[in-house]
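Structure record follows, encoded as structure tokens.
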Amino acid sequence: MSTSVEMTFSIEVYESAAELSSEDQGLLKKASIVLKDAYAPYSKFNVGTALLLKNGEIVIGNNQENVAYPSGLCAERVALFAAGAQYPDVPVIAIAIMAKSDSVSIDEPLAPCGACRQVMCETENRYGQKIKVLLKGDADKIYVINSVSDILPLSFTPDKLAVK
Ligand code: THU
């Protein structure tokens with residue numbers, strides 16, 4: 001006979017950025033600026049990301065599309081891989097993600113795709129440091145999640161591999 005296991009997670013919902021710390025407000029502001037530089041001629045869906053590193057540096061990313069669609073990359077991974085390349089020894093402590101589109105309204109804060117959650121999860125495991133996730137769409141409402149592992153339950157983590 002099977003048993004059922006319930007897995008839950010909680011997010012903090014803020015009515016506006018004014019309720020956040022100035023550091024978090026600054027990170028969201030940066031994401032809103034850099035999404036304008038996304039290269040998204042195919043989807044016309046611009047995403048901007050700003051990472052806060054433990055040394056205080058901010059690393060940005062935006063989505064980079066390609067006519068061969070799978071060759072493009074989401075904003076989150078552009079930023080996370082850039083941070084890994086530029087600051088390999090520095091943990092990421094927060095990520096702000098924002099999106100803007102001329103053709104659709106983004107009513108809910110943008111939830112990152114599964115592949116980006118996997119890469120964020122890898123970054124948490126790599127440094128043993130939880131990453132705070134800040135999400136915002138067109139409305140003022142903001143979601144704050146305290147760890148990527150909350151939004152990627154049952155994740156594939158390094159301990160699953162027998163590599164020493
Ligand atoms: N996109 C991101 O950059 N991040 C996400 O979390 C979701 C989707 C991009 C990929 C593509 O360039 C466009 O948004 C439409 O999917």
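All ligand and atom numbering here is 1-based and tracks the order in the structure. A quick note: this is a predicted structure, and the numbers were derived from the prediction, not measured. Values below: every heavy atom of this structure, side chains too, minus hydrogens, waters and symmetry copies.
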Discussion item. If you scan the protein for heavy atoms around atom 12 (O) of ligand 1, do you find one that is closer than 4.0 Å?
Written reply: yes
Do [X] and [Y] make a side-chain contact, defined as non-hydrogen atoms from C-beta onward lying under 4.5 Å apart?
X	Y	result
D24	K132	yes
L20	Y14	yes
L53	V59	yes

For [atom], what is the nearest protein heavy atom, given as residue, atom name and distance?
atom	result
atom 3 (O) of ligand 1	A75 N, 2.9 Å
atom 9 (C) of ligand 1	N63 ND2, 3.5 Å
atom 10 (C) of ligand 1	C74 SG, 3.9 Å

Fill in: Side-chain donor or acceptor of Q25 paired with backbone N/O of A17 under 3.5 Å
yes
Could you tell me, atom by atom, which parts of ligand 1 come under 4.0 Å of a heavy atom of [X]?
X	result
E65	11 (C), 12 (O), 13 (C)
C113	6 (O)
E76	2 (C), 3 (O), 4 (N), 5 (C), 6 (O)
P112	6 (O)

Response to the item:
Within the 4.0 Å heavy-atom cut-off, what S43 brings close to ligand 1 is side chain
Worksheet item: Relative to ligand 1, is Q64 under 4.0 angstrom through side chain, backbone, both or neither, heavy atoms considered?
Response: neither
Worksheet item: Between E108 and K141, is there a salt bridge with N-O shorter than 4.0 Å?
Response: yes
Worksheet item: Transitively linked via ILVMFWY side-chain contacts under 4.5 Å: L51 with Y127?
Response: no
Discussion item. If hydrophobic clusters are built from ILVMFWY residues whose side chains come within less than 4.5 Å, do F45 and I97 share one?
Written reply: yes
Worksheet item: With only distance considered, is V47 within less than 3.5 Å of ligand 1 through an N or O on each side?
Response: no
Item to complete: Start with the C-alpha gap between S155 and Q118, add the side-chain angles, then the distance that decides, and say whether side chain to side chain donor-acceptor pair (under 3.5 Å) holds.
Response: CA-CA 8 Å; S155 57; Q118 180 67 34; over 6 Å; no
Item to complete: Using non-hydrogen atoms of the residue, decide whether C116 is closer than 4.0 angstrom to ligand 1.
Response: no
